[in-house]
Novice: 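A single structure is presented below for examination.
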Amino acid sequence: MLSKLLSSQIIIYHCILFFSFSLSVNYFLNLEIINYLAYVCFHLTLIYLFFYFFHFALIFITFLYGIFFDIFLVDNLSPHLITFLIFVILFYFTKKYLLNLSSSKISYIIIIFTLLMFASEALIANLLFNYPINYENFLWIFIIFIIIFYPTLVLFSKIDKF
């Protein structure tokens with residue numbers, strides 16, 4: 001059990017999570033695209049971990065990342081925390097059904113869940129804190145997601161073979 005938690009693949013994925021988290025919460029005024037890129041990369045990595053490397057420690061880790069995203073980006077606790085925990089619990093209860101699907105169907109599900117995660121974070125922030133939904137930022141996140149989705153999955157498959 002502990003060897004699964006400390007495998008080199010998991011450590012690489014957690015390094016990607018931490019690095020992308022760090023870049024997405026540190027706002028680069030002139031290089032805003034880097035923030036969006038890191039934000040999308042974080043969510044893709046997190047969902048990939050949910051699918052293929054789920055462990056109960058991931059619940060605690062997503063709890064911490066949710067709190068820190070909320071503190072740094074929204075200044076209130078809720079949108080990221082609620083969304084991350086809902087998706088972790090959703091994956092926990094549907095994991096055995098989802099892993100029986102083909103890899104192409106799992107790719108589509110990753111796309112859908114990632115976009116749902118972005119939308120639910122924005123919606124929860126808007127409903128609870130009247131945080132305005134910036135559609136231009138949402139469009140940038142969507143475009144970056146579409147551009148980096150396939151290369152990210154290729155990178156993750158290379159890491160899995162590591």
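Since this is a predicted model, take the numbers as computed values, not measurements.
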Novice: Students often mix this up, so state it plainly: with edges at 30° and 60°, are the rings of Phe50 and Phe91 parallel, tilted or perpendicular?
Specialist: tilted
Novice: Calculate, to the nearest 0.5 Å, the distance between atoms CG and CD1 belonging to Leu46 and Ile61 respectively.
Specialist: 9.5 Å
Novice: Quick one: side chain to side chain contact (heavy atoms under 4.5 Å, CB included) partners of Asp160, sequence neighbours excluded?
Specialist: Gln9, Tyr13, Tyr48, Phe53
Novice: Taking all non-hydrogen atoms of both residues, which atom of Cys41 and which atom of Ile16 are closest, and how far apart?
Specialist: SG-CG2, 4.0 Å
Novice: Taking atom CG of Leu116 and atom CG of Leu123, what is their separation to the nearest 0.5 Å?
Specialist: 11.0 Å
Novice: When rounded to the nearest 0.5 angstrom, what is the spacing between CG in Leu37 and CG in Leu23?
Specialist: 8.5 Å
Novice: How long is the gap from CD1 on Ile47 to OG1 on Thr114, to the nearest 0.5 Å?
Specialist: 3.0 Å
Novice: Testing Trp140, Phe142, Tyr39 one by one against Phe118 for a ring-ring contact (aromatic ring centres under 6.0 Å, His included), which residue passes?
Specialist: Tyr39
Novice: CG/Leu139 to OH/Tyr36 distance, rounded to the nearest 0.5 angstrom?
Specialist: 10.0 Å
Novice: Going hydrophobic residue to hydrophobic residue with side-chain gaps under 4.5 angstrom, can you get from Tyr150 over to Ile111?
Specialist: no
Novice: Do you know which two heavy atoms are closest between Ile144 and Ile33, and how far apart they sit?
Specialist: CD1-CD1, 3.6 Å
Novice: Can you confirm whether Phe129 is buried at CZ, in the sense that more than 12 heavy atoms of other residues, nucleotides or ligands lie under 6.0 Å from that atom?
Specialist: yes
Novice: Might you point out which heavy atoms bring Ser24 and Ala38 nearest each other, and give the distance in Å?
Specialist: N-CB, 3.7 Å
Novice: Could you measure the distance from the CG atom of Leu90 to the CE atom of Met117? Nearest 0.5 Å is fine.
Specialist: 9.5 Å
Novice: Distance-only criterion, 3.5 Å: show the donor-acceptor pairs between side-chain atoms of residues 62-73 and protein atoms not counting sequence neighbours.
Specialist:
unit_1, atom_1, unit_2, atom_2, d
Thr62, OG1, Leu58, O, 3.0
Thr62, OG1, Ile59, O, 2.9
Tyr65, OH, Phe18, N, 3.4
Asp70, OD1, His80, N, 2.8
Asp70, OD1, His80, ND1, 2.8
Asp70, OD2, Ser78, N, 2.9
Asp70, OD2, Leu81, N, 3.1

Novice: Shortest non-hydrogen contact from Ile133 to Ala122?
Specialist: CG1-O, 3.9 Å
Novice: Does any non-hydrogen side-chain atom of Lys96 lie less than 4.5 Å from one of Asn100?
Specialist: no
Novice: With sequence neighbours left out, what residues match Tyr131 under ring-ring contact (aromatic ring centres under 6.0 Å, His included)?
Specialist: none
Novice: Quick one: do Leu49 and Val154 end up in the same hydrophobic cluster if we chain Ile, Leu, Val, Met, Phe, Trp and Tyr together by side-chain heavy atoms under 4.5 Å apart?
Specialist: no
Novice: State yes or no: are the ring centers of Phe84 and His43 separated by less than 6.0 Å?
Specialist: yes
Novice: Has Asn35 got a side-chain atom pairing as donor or acceptor with Val25's backbone, closer than 3.5 angstrom?
Specialist: no
